[in-house]
Amino acid sequence: MEPTPDPGQNPARNPDPDTTDTDLAPAAVDDETPKNETHNTETHNTETLKNETADDGTLKVAAVEDVDSTLKDESVRELAAQFEDEKPGRRLRGPVEAGVTAVAAASAVLVLWQVFRPLAQGGQYYLAVFLSGVLPLVFVVYPSGVRIRRKRTGTPADSVGGPTVVDWVLAVATLVACAYPLLPFASGGYNAFLDRQGQLDPVDVAMGTVLLVLVLEACRRTTGWVLPVVCGAFLAYDYYGGYLPQHWSLAHLGLDFDQIVDALYNSQSGFYGTPLDVAASYIVLFTIYGAVLDASGAGAFFVELSVAAFRRSRSAAGRTAVASGFLLGTVSGSGAATTVSIGAVTWPILRRAGYPADRAGGMLAAAGVGAILSPPTLGAAAFIIAEYLNVSYLSVLGWATIPTLLYYLGILLAVEIDARRFGARPVALRVRSPWALLGRFGYHFASLLVIIVLLALEQPATRAVIYATVLAALLSFLDRRHRLTPRRLVASLAAGVRSVLPVVAVCVAAGIITASTTKTGLGPQMSGLMVDWAQSLASGHTAVIALTAVFAAVALTLLGLAVPVTASFIIGWVIIGQALLDLGIDEPATAMFIFYFAVLSEATPPTALASVAAAAVTGGRVFPTMWQTLRYALPAYLVPIAFVVTPAGRGLLGFGGWDDIGFALAASALGVLALSVAAGGWLLGVGRAGVVARVVAGLAALALLWLSLWTVVTGVALLLVAALLVIFQASRATPPHKEEPA
């Protein structure tokens with residue numbers, strides 16, 4: 001179902017959006033909107049502001065006075081949660097909330113302690129302790145979604161607010177199953193449990209089975225049915241693969257049930273494998289850091305700085321939304337959450353500038369997704385890349401830098417084109433100057449810089465983020481509104497752990513997939529099939545690589561439509577990545593290729609969670625918003641293919657000399673420019689591009705992004721032809737187009 005916008009707020013239906021006095025107030029969510037009808041969410045304004053007209057005719061309005069309260073508004077947070085890869089949790093109160101906060105804060109202290117004083121029993125022991133403290137919280141915090149009517153009230157028992165009896169039973173069972181290998185009186189002790197690897201006794205198998213079922217249920221509660229079904233398919237393949245005809249490439253000898261449980265419960269490739277290790281050692285530290293940074297007021301500062309930086313121009317509103325997404329992503333790290341947060345503040349500005357709801361929603365969604373792609377805090381999968389490839393996190397940040405610049409170049413070009421093509425109005429905002437904001441609150445950038453500096457000094461990422469967290473907490477005392485008192489600090493630690501609960505469930509479930517591929521050899525078999533398909537359709541090594549990359553991109557995109565980003569990357573790495581590696585693509589390029597297409601699932605129709613979230617904020621139509629998002633994010637789909645297909649593409653990841661990097665960057669930037677002309681139908685500085693010019697520009701973009709010398713020369717020539725066509729068309733226009741400065 002598409003959202004039903006308010007005709008008084010949607011400029012597509014209200015030809016004169018200047019007639020209301022409430023356009024610059026923050027958008028909020030109607031608390032009476034049914035929670036299960038997320039696509040019917042409407043927005044309304046919560047403040048009334050005075051409109052004035054400046055001497056130059058631009059609309060002059062007051063800016064949102066309290067960005068912080070807007071970002072922290074419960075309705076905004078609830079709306080963001082509805083469109084996450086993960087489902088929203090309960091609103092806990094009273095003793096249950098206090099208990100969850102205590103356990104989560106204690107888990108945070110354990111994580112911090114482990115960095116400086118690792119447990120003597122080893123990493124797997126720590127993971128078992130961590131999982132024992134965190135996984136049971138999933139059943140307390142996240143409802144089951146099962147609708148059981150109460151006899152007296154007739155209301156769904158699971159929606160009343162607190163955990164049900166079943167939830168408490170499952171939480172206790174999870175604690176027992178997770179802690180069982182550690183308890184001397186139960187398993188004989190951790191060392192004795194490990195000694196039984198490959199020969200589990202019946203109690204071990206029973207406990208492992210219980211934990212397997214509970215992990216799938218925790219994953220279902222936090223992310224939905226798809227990932228548990230995928231895990232179930234892998235388990236079925238483990239057990240029944242031996243019954244397949246042995247001449248089939250996917251056949252294997254088969255595993256009995258005890259072997260499957262042993263691989264999951266008593267090895268380093270199952271529940272306690274690399275995905276959980278990354279979640280417990282890296283991701284949780286960065287979520288704690290994000291929670292502390294947010295509590296210190298950094299999120300509100302970043303958005304307010306973006307509003308103040310761009311004023312009195314037609315494209316200022318769009319620039320503000322894009323800059324807000326980039327900066328707020330350092331705190332959020334989630335595409336849908338960033339989209340809703342920046343939309344709550346900037347959508348009224350965009351509407352006042354004349355942006356239709358669909359186009360504004362596409363811009364907000366593209367900016368929100370860009371937050372996951374942007375250093376210094378990339379998405380969770382980036383930490384898994386560092387662990388899989390055994391490189392520093394700083395290396396991954398370096399690989400992501402140029403693709404991120406190209407992504408935002410594409411968005412900004414689209415913003416500038418839209419402002420001109422559709423006649424956006426200048427909006428003069430009464431806000432403090434950016435220099436005043438930087439002088440008063442610029443210290444919020446300090447902790448981000450500390451992470452980069454410490455990583456450059458070869459400090460482990462875990463210690464770097466802890467030092468940055470401590471600094472952010474200390475700097476919070478420079479603003480009395482956001483001082484992290486002991487109580488607020490405990491709440492921030494608990495919030496960091498609570499926000500990582502869905503990631504933990506996904507990572508533990510992903511261990512099922514990695515263990516299956518390890519035990520059965522499924523990864524090499526699937527990669528061989530993909531390469532065979534490409535070779536059957538093309539000859540020549542380069543053509544085979546190009547076809548394999550396209551197949552991989554399509555497969556990763558479809559996979560990302562169904563499962564969260566982290567799981568999508570893990571599955572893509574173990575199943576699809578091997579095909580690219582077999583063709584000679586190096587590990588960094590392969591890993592970043594998979595990472596980008598896993599992330600882009602949030603912007604890809606027909607799901608595109610960030611786009612759906614943006615449509616809920618703006619009141620726009622869902623599918624048009626998705627297609628607008630795709631247009632804004634288009635460079636991100638083509639640039640990853642560029643650094644996989646040709647050797648020169650490695651320059652986009654920072655490999656090679658300065659000449660290699662400069663060539664790749666310059667050619668790709670021209671390619672993104674050509675894409676903007678083809679997709680936006682406008683050449684900046686000249687005017688509207690016709691159909692022929694757009695087609696030629698599209699061909700130029702493809703040639704430029706191939707990144708070989710002759711294709712780049714061809715692409716430049718085609719881009720010049722497209723420019724000449726636009727100039728010729730503009731010269732024949734009556735009257736000739738005169739573009740106003742932006």
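Just the heavy atoms: all of them, side chains too, but no hydrogens, waters or symmetry mates, feed the values below.
Residues L522 and F234 have side chains in contact (heavy-atom distance under 4.5 Å, counting atoms from C-beta outward). Contact annotation: the side chain of L389 approaches that of W573 to within less than 4.5 Å [non-hydrogen atoms, C-beta and beyond]. Between I452 and L397 the shortest side-chain heavy-atom distance falls below 4.5 Å. Counting heavy atoms from C-beta on, the side chains of L264 and L235 come closer than 4.5 Å. Residues V712 and F663 form a side-chain contact, since some pair of their non-hydrogen atoms from C-beta on lies under 4.5 Å apart. Side-chain contact between Y239 and L255 is absent, with no heavy atoms from C-beta onward closer than 4.5 Å. Side-chain contact between V672 and P635 is present, with heavy atoms from C-beta onward closer than 4.5 Å. At a threshold of 4.5 Å between non-hydrogen side-chain atoms, the residues R421 and R688 count as touching.
Distance check: I585 CD1 to T590 OG1 gives 6.0 Å after rounding to the nearest 0.5 Å. One finds the CG atom of L216 at 6.0 Å from the SG atom of C231 (value rounded to the nearest 0.5 Å). If you take CG on L684 and CG on L673, they are separated by 7.5 Å, rounding to the nearest 0.5 Å. With rounding to the nearest 0.5 angstrom, the CG atom of D582 is 10.0 Å from the OG1 atom of T548. The distance from atom CG of L702 to atom CG of L704, rounded to the nearest 0.5 Å, is 9.0 Å. Summarising the geometry, atom CG belonging to L724 is positioned 10.0 Å from atom CG belonging to L719; distances are rounded to the nearest 0.5 Å.
Closest approach of V506 and L227 over heavy atoms only: CG1-CD2, 4.0 Å. Closest heavy-atom contact between S315 and V415: O-CG1, 4.0 Å. When all heavy atoms are compared, the tightest approach of A689 to V726 is CB-CG2, 3.7 Å. Shown here for L653 and A589, the closest heavy-atom pair between the two residues is CD1-CA, 3.6 Å. Of all the heavy atoms in P640 and F593, the pair that sits closest is O-CD1, 3.5 Å. The nearest pair of heavy atoms linking A367 to A321 is CB-O, 3.8 Å.
Proximity of a side-chain donor or acceptor of R359 to a complementary backbone N or O of Q628 within less than 3.5 Å is not detected. Looking at Y407, its side chain does come within 3.5 Å of a backbone N or O of A366 through a donor-acceptor pair. Side chain of Q729 to main chain of G690: a donor-acceptor pair is present (N/O by atom type, distance under 3.5 Å, no hydrogens or angles). The closest donor-acceptor contact from the side chain of R420 to the backbone of E416 lies under 3.5 Å. At distances below 3.5 Å, not a single donor-acceptor pair connects side-chain atoms of S668 with backbone N or O atoms of L665. Within the 3.5 Å criterion, the main-chain N or O of S708 finds a donor-acceptor partner in the side chain of T711. Side-chain atoms of R694 come within 3.5 Å of backbone atoms of A679 as a donor-acceptor pair (strictly under, hydrogens ignored). The backbone N or O of W706 lies less than 3.5 Å from a partner atom in the side chain of T646, making a donor-acceptor pair. Side-chain atoms of Q259 come within 3.5 Å of backbone atoms of D256 as a donor-acceptor pair (strictly under, hydrogens ignored). D660 places no side-chain N or O within 3.5 Å of a backbone atom of G651 that could act as its donor or acceptor partner.
Aromatic rings of F286 and F383 (six-membered ring for Trp) have centroids within the 6.0 Å cut-off, being under it.
Ring geometry for F597 versus Y637: interplanar angle over 60°, hence perpendicular rather than tilted (30 to 60°).
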| task | Could you walk me through whether Y282 and I384 pass side chain to side chain contact (heavy atoms under 4.5 Å, CB included), step by step? | result | CA-CA 9 Å; Y282 295 94; I384 299 178; over 6 Å; no

| Criterion side chain to side chain contact (heavy atoms under 4.5 Å, CB included) on I661 and I402, from CA distance to verdict | CA-CA 9 Å; I661 298 173; I402 293 179; 3.6 Å; yes

| said: Run the side chain to side chain contact (heavy atoms under 4.5 Å, CB included) test on F643 and Y596 for me, step by step, so that the C-alpha distance in whole Å, both residues' side-chain angles and the decisive distance to 0.1 Å come before the verdict. | reply: CA-CA 12 Å; F643 60 65; Y596 276 98; 4.2 Å; yes

| request: Take I576 and L556, measure what side chain to side chain contact (heavy atoms under 4.5 Å, CB included) needs, and give me the verdict at the end. | output: CA-CA 8 Å; I576 299 171; L556 289 166; 3.8 Å; yes

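With a 6.0 Å radius and a threshold of 12 heavy atoms from other residues, nucleotides or ligands, N390 has its CG atom at or below the threshold. In this structure, L709 places its CG atom where more than 12 heavy-atom neighbours from other residues, nucleotides or ligands lie under 6.0 Å away. Residue-environment remark: CD (E387) exceeds the threshold of 12 foreign heavy atoms within 6.0 Å.
Under a cutoff of 6.0 Å and an axis angle of 45°, R220 and W225 form a cation-pi pair.
Using modelled atom types, one finds a donor on one side chain and an acceptor on the other under 3.5 Å when comparing S392 with S395. T404 and T401 share no donor-acceptor pair across their side chains, judged by distance under 3.5 Å alone.
Each side-chain hydrogen bond (donor to acceptor under 3.5 Å, both in side chains) pair with one or both residues in residues 513-526, not counting sequence neighbours, appears once here: Y237-Q525, D238-S516.
Residues meeting the side chain to side chain donor-acceptor pair (under 3.5 Å) test with T542, sequence neighbours left out: none.
Of the options L413, L412, D418, a side chain to side chain contact (heavy atoms under 4.5 Å, CB included) to Y632 is made by D418 and by none of the others.
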